[in-house]
Amino acid sequence: MSRCPRTTRERAQVVQRGLEAIDDVLGAAVLDPNEGPRAEWTIEATITGDRLPAAAVQILADQDCGVISTTLRAPDVTQAVIAA
């Protein structure tokens, strides 16, 4: 079982809410390290376009988070995996 510091979970939730407030973000989900595919808190975000909007990058920077990967899911939809 992975450790789940409360502050990391809360930071992931702040990032999720911030991303969901951006028009180009179709949705975002926080994944628990004990239930998700990674042994760390992560956020999966689905966005329109082929890159993260500048507002999303600023939210990640403000919360000291980084992008793990991006995957093109459709011609104009990208999924980003973000480390909290």
Side-chain angles (χ1 to χ4, degrees):
M1 179 178 266
S2 298
R3 290 176 13 122
C4 301
R6 180 182 190 132
T7 57
T8 305
R9 180 185 72 220
E10 290 170 352
R11 190 173 74 223
Q13 292 168 336
V14 167
V15 171
Q16 176 191 22
R17 287 190 300 271
L19 291 175
E20 288 177 334
I22 299 170
D23 289 339
D24 290 342
V25 177
L26 302 174
V30 174
L31 304 177
D32 183 302
N34 295 313
E35 298 171 1
R38 299 182 182 278
E40 61 187 337
W41 286 96
T42 54
I43 301 104
E44 287 187 352
T46 304
I47 61 170
T48 58
D50 60 356
R51 61 187 56 145
L52 289 173
V57 173
Q58 186 62 56
I59 289 167
L60 300 181
D62 290 347
Q63 294 299 321
D64 197 27
C65 295
V67 176
I68 296 171
S69 67
T70 60
T71 305
L72 192 61
R73 294 289 185 198
D76 202 28
V77 177
T78 300
Q79 183 174 25
V81 178
I82 300 156

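Quantities reported herein were computed from a predicted structural model and do not represent experimental measurements. Start at 1 with the first residue, then count along the sequence.
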*Start with the C-alpha gap between L31 and E44, add the side-chain angles, then the distance that decides, and say whether side-chain contact (heavy atoms from CB on, under 4.5 Å) holds.*
CA-CA 8 Å; L31 304 177; E44 287 187 352; 3.5 Å; yes
*Just how far is it from atom OG1 of T8 to atom CD of Q13, taken to the nearest 0.5 Å?*
11.0 Å
_Let me check something: do L26 and L60 share a hydrophobic cluster, defined by ILVMFWY side-chain heavy atoms less than 4.5 Å apart, either directly or through other members?_
no
*asked:* Tell me if the CG atom of D23 is crowded by more than 12 foreign heavy atoms within 6.0 Å.
replied: no
*Rounded to the nearest 0.5 Å, what's the gap from OG1 on T70 to CD1 on I47? Could you check?*
8.0 Å
*How long is the span from the CZ atom in R17 to the CD1 atom in I59, to the nearest 0.5 Å?*
11.0 Å
*Are V15 and I68 joined in one hydrophobic group, where the rule is that I, L, V, M, F, W and Y side chains link up if heavy atoms are under 4.5 Å apart?*
no
_Where R51 and T78 come nearest, the two heavy atoms and their spacing_ = N-OG1, 4.3 Å
_Could you tell me if the side chain of Q63 sits less than 4.5 Å from the side chain of I82, heavy atoms only?_
no
*Can you tell me how far CG of L52 sits from CG of L19, rounded to the nearest 0.5 angstrom?*
8.0 Å
*Minimum-distance pair of heavy atoms, taken over all atoms of C65 and A84*: SG-CA, 3.6 Å
*Within the side chain of T46, is there an N or O that forms a donor-acceptor pair under 3.5 Å with the backbone of Q79?*
no
*What are the two closest heavy atoms between A39 and P33, and how far apart are they?*
C-CB, 3.6 Å
*Might you point out which heavy atoms bring D24 and P53 nearest each other, and give the distance in Å?*
CB-CG, 3.8 Å
